[in-house]
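To start, the structure itself, in structure tokens.
We're numbering straight along the sequence, starting at 1. Predicted model only: the values in this text are computed from it and were never measured.
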Amino acid sequence: MTTERPSPPMQGDERETLRTFLDFHRATLAMKCEGLSDDDLRRRSMPPSTLTLLGLVRHMAEVERTWFRKVINGEDIPLVWSDDNDYQVAYDASGSSRAEAFEAWQNEVEHARKIEREAESLDVTGYQPRWGEQVSLRLVMHHLCHEYARHNGHADFLREGIDGVTGA
């Protein structure tokens with residue numbers, strides 16, 4: 001499987017630009033994982049860190065779920081891997097597989113895309129309980145771009161440590 005990464009529009013409106021940049025970052029994470037076995041995807045970075053590519057995929061499933069479904073859509077649902085809202089559980093991919101992690105992540109991405117498409121505007125808000133504030137869809141999309149960009153930097157180092165592949 002080869003992931004196609006969208007090119008952000010050079011003169012698109014705000015929503016189209018945010019949507020495409022978010023999909024660009026999502027595709028980048030998928031590209032970092034291409035061609036690797038489950039064992040490779042579970043390979044830890046360097047002691048004492050337990051960070052893995054599969055753990056990042058699982059984490060981003062939780063991030064998508066939380067910000068789009070729980071915050072913007074107001075859904076009362078648990079995290080994917082923790083009924084106790086423990087985000088750290090997602091990072092432990094030791095018993096996980098590519099199929100399980102990617103299915104959960106892709107499901108959450110599809111939910112997020114649907115919520116974004118159906119939102120009247122980027123000014124739609126939802127409650128972020130951790131901050132005790134209403135936040136806009138605009139902020140959520142910017143936040144997710146930031147979150148993916150940061151973790152894609154981690155994925156760069158993880159992938160290079162596995163098989164020497166760089167860039168994406």
Student check: side-chain heavy atoms of [X] and [Y] closer than 4.5 Å:
X    : Y   : answer
F21  : P6  : no
S7   : T20 : no
T66  : L79 : yes
Y148 : T28 : no
E14  : T17 : no
D156 : K32 : yes
M141 : F68 : yes
L41  : C33 : yes

Any sub-3.5 Å donor-acceptor pair from [X]'s side-chain atoms to [Y]'s backbone N or O?
X    : Y    : answer
R150 : C145 : no
D86  : S82  : no
N152 : A155 : no

Spacing of CG belonging to D92 relative to CG belonging to L54, to within rounding of 0.5 Å: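 One finds 10.5 Å between CG of D92 and CG of L54.
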Nearest-0.5 Å distance that lies between atom CG in L137 and atom CD1 in I72: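 Here the rounded value is 5.0 Å.
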Where at least one partner belongs to [range], residue pairs that pass salt bridge (Lys or Arg N to Asp or Glu O under 4.0 Å), sequence neighbours excluded:
range            : value
residues 36-49   : D39-R42, D40-R43
residues 61-71   : R26-E64, R65-E108, R69-E75, R69-E108
residues 111-127 : R15-E116, R19-E116, D23-R113, E110-R113, K114-E118, D123-R138

Is there a path of hydrophobic side-chain contacts, each under 4.5 Å between heavy atoms, that joins [X] and [Y]?
X    : Y    : value
M31  : V165 : no
V124 : V140 : yes
I115 : L122 : yes

Shortest non-hydrogen contact from S45 toward L158: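 Scanning both residues, the minimum pair turns out to be CB-CD2, 3.4 Å.
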For A101 against S96, the heavy-atom pair lying closest together: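 Scanning both residues, the minimum pair turns out to be CB-OG, 4.0 Å.
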Pairs satisfying side chain to side chain donor-acceptor pair (under 3.5 Å), at least one member in residues 126-137, at least two apart: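 Every side chain to side chain donor-acceptor pair (under 3.5 Å) pair that includes a residue of residues 126-137, provided the two are not neighbours, is T125-Q134.
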Connected hydrophobic set around V80, excluding itself, where side chains approach under 4.5 Å: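 W81, V89, all in the cluster of V80.
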Neighbour count >12 (heavy atoms, 6.0 Å) for atom CZ, F157: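 No - once you tally the heavy atoms of other residues, nucleotides and ligands closer than 6.0 Å, there are 12 at most.
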Neighbour count >12 (heavy atoms, 6.0 Å) for atom CG, D84: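 Incorrect, the count does not exceed 12.
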Residue that, paired with W67, satisfies ring pair (Phe, Tyr, Trp, His ring centres under 6.0 Å) out of H143, H146, H142: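 The option that passes is H143.
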Between H25 and E147: side-chain donor-acceptor atoms closer than 3.5 Å: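 No, no side-chain donor-acceptor contact under 3.5 Å.
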Donor on one side chain, acceptor on other, Y91 and T52, under 3.5 Å: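 There is no such pair (donor and acceptor under 3.5 Å, judged by atom type) between the side chains of Y91 and T52.
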Steps toward side chain to side chain contact (heavy atoms under 4.5 Å, CB included) verdict (M60, V57): CA-CA 5 Å; M60 292 312 299; V57 170; over 6 Å; no
ring-ring contact (aromatic ring centres under 6.0 Å, His included) partners of H154, counting only residues at least two apart: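 By the ring-ring contact (aromatic ring centres under 6.0 Å, His included) rule, H154 matches H151.
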